[in-house]
Amino acid sequence: MTRKEETVDQKYNPRNVEDKWQQHWEEAKTFAVTEDREKQKYYLLEMFPYPSGRIHMGHVRNYSIGDVIGRFKRMRGFNVLHPMGWDAFGMPAENAAIQNKSHPAKWTYENIAYMRGQLKKMGLSYDWGRELATCDVEYYRWEQKIFLQMYEKGLAYKKTSFVNWCPKCETVLANEQVEDGGCWRCDSEVNQKELDQWFFRITDYAEELLEWTNRLPGWPERVLVMQRNWIGKSFGCEIEFPLEGNADAIKVFTTRQDTVYGATFMSLAPEHPRAEELTTPDRKEEVDAFIEKVKKTDRIKRTAEDFEKEGVFTGSYCINPLTKAHMPIYLANFVLMDYGTGAVMAVPTHDQRDFEFARKYALPLQVVIQPEGETLDPLSMAAAFTEVGILTNSSQFDGLRSDSAKEAIADFLEQEGIGKKTVNFRLRDWGISRQRYWGNPIPIIYCKACGVVPVPDQDLPVRLPMDVEFTGEGGSPLAKIDSFINVTCPLCGQPARREADTMDTFVQSSWYFLRYCCPDLLDGPLDSERVDYWMSVDQYIGGIEHAVMHLLYARFFTKVLRDLGYITCDEPFTKLLTQGMVIKDGAKMSKSKGNVVDPNGLIDRYGADTARLFSLFAAPPEKDLDWSDQGVDGSFRFLNRVWKLVHDRLDLINNSKTVNLSALTGEERTLRRAVHKTIRKVTEDIEERFHFNTAIAAVMELLNVLQGAELATPQYGAVMKEALGSLVQMLAPFVPHITEELWQRMGHHTPLSETPWPDYDREAVVDDEALVVIQVNGKLRSKFTVPAGTDEETMKSIALADEKVLPFIEGKQVRKVICIPGKLVNIVVG
RNA sequence: GCGAGAGUGGCGGAAUUGGCAGACGCACCAGACUUAGGAUCUGGCACCGAAAGGUAUAGGAGUUCAAGUCUCCUCUCUCGCACCA
């Protein structure tokens, strides 16, 4: 080495250091793991990214947080599974293909290659041998098998339902793809179309999904609350209202059976299957016009709170089974077909929606609950009364409190055979059909003679054909590929058609964490033995935006796969961390705001360690992180100080032995105490609280101490050697490259990534003196130091004689002296 | 409207069990080294006050020897759900 190179080498050069160690980890396969039953397993997972092109700061933060935990747990002796992959199916690939006249597969795989390179530059401790992309046929083929097994069990089924439909693009749009009633792409007016769609019967698991929200203590409460709301369990009654002049009846669901005596009309969803039959000829024209109007309104608008309540009379009547009242049947735009039975008994006096509707259409009101000490008059009421009150006009139930009347009336309805107690869920089955190309084909064949025929096991996988043109018009590209669509029926051999729909991309992300346990398995989706070793995921980390959809679907799939016999765990994720957003200049980073920080530029300029350090130091993981370029400078500065301090002391520590504990001087003990207290704090902050910002702050404090410490004592070198070694070890999970390099330069032959986490010395952290504060009436007046273990009486007498304290107690009566040993004396005077 | 969370210096944030409010970092100020400084090092830095001291954790009440922390009320902000019968 020439002299010039030597001086360059003394300077912190992130690029050289990072390249060197990334290469080392890759070659040594440091992070590859297998099922080692001698060790305790730890499955750590961050939500896998969509390969959109390049990583953004949200990824940097998410994966930096995960990597601290992964590296820390490894150093603590756990067998850490830390995989990474790609959520690779989805619309952006198809849109890019349309725009660039390219192919979604090409676009996707190029993005993956680029982003993989970016992640590798961050030095993340992944077992890259387990990498998977959901658009690989080796992945999606097994999803098709699972689909067919679900189909066999009735968990996947087809039904007709209303969806947002763009007539120009000839495709289904998700709710979020409808903007102001128009198609987001071509602006055509979106309407409601009844389509045959595939569904997963998630509602079969509603009760279990809800129940387990009480058994996930490692999840943030707000996520659990969101899931409970989404599942939306409510208790009530189903009641039959007989039709007038007809033996049949209309069934309603209500949670307010206590108000049934006040039901004066009936409201049906416009999509209600009996709407047509109930419409009398003279009302037909008006009813049809109304139904048409509602169909044109998109769901989002229709369910907005301020949407005006409208309806139309069908001409038919039903009878209130308890009061025998004559109830006109209306169609109403606010009644939803997919909640309850799609029919509502309207009680205008005690439901605000019914109240507004009744006022608009001059329908009768009957008060059946009176607030205590007040009498409601239906004529002068300004709003519905929805609180608890006393029943009136309710036959034998008069005088009961409305809340207790619920049970009594429900029992009565059951006795009379006109109703029964039921539980209703808001959760609806999961519609997974997408009229898209870039997704997993649904493995189903339609035969004129045999009907719906599952693709036989030996014919799997149904591969996505590659020879497709992307024009952006005319619906699903798959439906137009004759070679794909036209097949022979596996049962009868006659010509048949393939299903052209693909599965929602949320299906792939519902089980990828299971496949990571055995990504190389060739003869099935999951290897039970391996999956059982690794599952559940001990720590899952990702954005709050997945609080409901992804996390609920993944929980559902885990239970389904359990019931199919693949796995034994009930829940996929033991602990969940939802990290905050990355903010700059008060707003989320976005191209339109022009406040995007590009990870590439950051890593080029400062290195991955600085990028990681800043995103961990600036805020605790679950809070939003305010990006600051100057803060990044600060993190870089810190790493330079660490680098310099170690190099300045290199000769000293390389010529020193290990500490001889029995021969430490007082100064050496003090220095050593700071080191071991820091180890204790950093360990606790990482392990118990994930408070990486305070852990890093503690190491910074230690650095400040070490920088100022220069002793002329015999064991100074030994103590400093231990101190710097510990400091480098403690920083390893945060900034793995620079610490590996320093560790090596300090003379270690085993890489830091193979070195256990330091333990603190329980004796070294014991203070030999304590700082005691003196308060007078709770206000700080003075301080003093005492040897550890000084008794209360001594502390009190020192405090009472303190010269700064005397003026505050002179001439006053000391009423009480509170003493907290080793901490505080509070003198109460009056 | 319902539900959840938050509110602390100029800024990001500390304060784990009720016991020194503001750790650590950024910015700023002064000094040192320097041809230079946007490098590095040293020191200062909540507010008012010359000082003694006083006042401060959104605002108000309360419990306590002692409250950022516990209780009640009010305000503001963020997120989620929202005609769910």
Side-chain angles (χ1 to χ4, degrees), chain A residues 220-230 232 234 236 252-257 259 263 267 269 302-309 332-336 338-347 350-354 356-357 424-428 544-545 547-548 578 580-581 583 613-614 617-620 622-635 637-638 640-641 644 681 684-685 688-689 691 693-704 707-708 771-783 807 815-820 823-830:
Chain A
E221 186 58 26
R222 64 181 183 138
V223 174
L224 295 171
V225 168
M226 279 190 235
Q227 295 219 343
R228 283 181 207 125
N229 290 343
W230 191 263
S234 57
V252 303
F253 170 77
T254 184
T255 56
R256 293 300 306 273
Q257 62 271 14
T259 65
S267 305
R302 190 173 148 196
T303 53
E305 191 182 14
D306 52 356
F307 197 68
E308 198 183 340
K309 289 164 189 46
N333 62 355
F334 63 88
V335 180
L336 308 171
D338 48 25
Y339 183 77
T341 63
V344 179
M345 67 171 205
V347 184
H350 305 295
D351 182 285
Q352 187 58 26
R353 293 154 300 174
D354 297 342
E356 287 168 34
F357 197 82
N424 195 55
F425 289 94
R426 225 182 59 154
L427 181 70
R428 286 172 287 138
I544 187 74
E545 66 272 19
V548 178
T578 51
M581 288 189 302
I583 303 286
L613 185 66
F614 178 72
F617 177 63
E622 66 279 5
K623 287 183 84 170
D624 285 350
L625 182 151
D626 217 332
W627 194 265
S628 146
D629 294 333
Q630 284 151 338
V632 176
D633 278 329
S635 293
R637 211 151 36 214
F638 169 70
N640 275 293
R641 286 177 63 201
K644 192 165 181 303
K681 174 157 178 63
E684 285 170 1
D685 279 356
E688 291 158 27
R689 310 196 303 160
H691 278 205
N693 56 331
T694 52
I696 294 165
V699 180
M700 287 174 169
E701 268 182 277
L702 180 63
L703 179 78
N704 291 341
Q707 217 167 24
L771 182 68
V772 178
V773 301
I774 313 173
Q775 296 179 334
V776 178
N777 286 346
K779 286 189 178 170
L780 179 71
R781 296 301 176 192
S782 187
K783 303 174 187 185
R815 294 185 185 277
K816 213 194 226 180
V817 181
I818 314 277
C819 188
I820 309 291
K823 269 197 167 162
L824 167 144
V825 179
N826 187 9
I827 304 160
V828 185
V829 296

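First the proteins, then the strands, lettered A, B, ... as listed; each starts at 1.
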Is a donor on one side and an acceptor on the other found under 3.5 Å between the side chain of [X] and the backbone of [Y]?
{"X": "A:N424", "Y": "A:S234", "value": "no"}
{"X": "A:D624", "Y": "A:M581", "value": "yes"}
{"X": "A:D351", "Y": "A:R256", "value": "no"}

Subject >> Per A:R426 side chain, nearest of listed nucleotides B:rG53, B:rA82, B:rA85 >> reply: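 Nucleotide nearest to A:R426's side chain: B:rA82.
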
**OP:** Go through B:rC24, B:rC65, B:rG19 for me and flag the one nearest to the A:L824 side chain.
**Re:** B:rG19

Across the strands shown, which category fits [X] at heavy-atom distances under 4.0 angstrom: base, sugar-phosphate, nothing?
{"X": "A:I827", "value": "nothing"}
{"X": "A:P620", "value": "sugar-phosphate"}
{"X": "A:N229", "value": "nothing"}
{"X": "A:R815", "value": "nothing"}
{"X": "A:G634", "value": "sugar-phosphate"}
{"X": "A:D633", "value": "nothing"}
{"X": "A:Q352", "value": "nothing"}

**OP:** Write down the distance between CG (A:L703) and P (B:rC24), rounded to a whole number of angstrom.
**Re:** 12 Å

Original post:
Is there a donor N/O on one and an acceptor N/O on the other, under 3.5 Å, for the side chain of A:K309 and the base of B:rC83?
Top reply: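 Side chain to base: pair present.
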
Subject >> N/O donor-acceptor pair, side chain A:K816 with base B:rC65, under 3.5 angstrom >> reply: no

Got [X] and [Y] here, is their nearest side-chain heavy-atom distance under 4.5 Å?
{"X": "A:I818", "Y": "A:V825", "answer": "no"}
{"X": "A:V776", "Y": "A:K779", "answer": "no"}
{"X": "A:I583", "Y": "A:L625", "answer": "no"}

Subject >> Anti versus syn assignment for B:rG9, with syn defined as within 90° of 0 >> reply: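 Base orientation relative to the sugar is syn.
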
Subject >> Heavy-atom protein contacts under 4.0 Å, nucleotides 40-51 of chain B, coded B base, S sugar-phosphate only, - none >> reply: SS----------

Quick one: side-chain hydrogen bond (donor to acceptor under 3.5 Å, both in side chains) partners of [X], sequence neighbours excluded?
{"X": "A:T694", "value": "A:D685"}
{"X": "A:Q352", "value": "A:E356"}
{"X": "A:E622", "value": "none"}

**OP:** Verify whether the ring centers belonging to A:F357 and A:F334 lie closer than 6.0 Å.
**Re:**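 Aromatic pair counts; centres sit under 6.0 Å.
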
Just the atom pairs and distances: protein N or O near nucleotides 5-11 of chain B's N or O, under 3.5 Å.
none

Subject >> Runs of at least three Watson-Crick or G-U pairs with RNA chain B, cut-off 3.5 Å >> reply: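 Stem list for RNA chain B: B:1-7 with B:75-81, B:10-12 with B:24-26, B:28-32 with B:40-44, B:46-48 with B:53-55, B:58-62 with B:70-74.
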
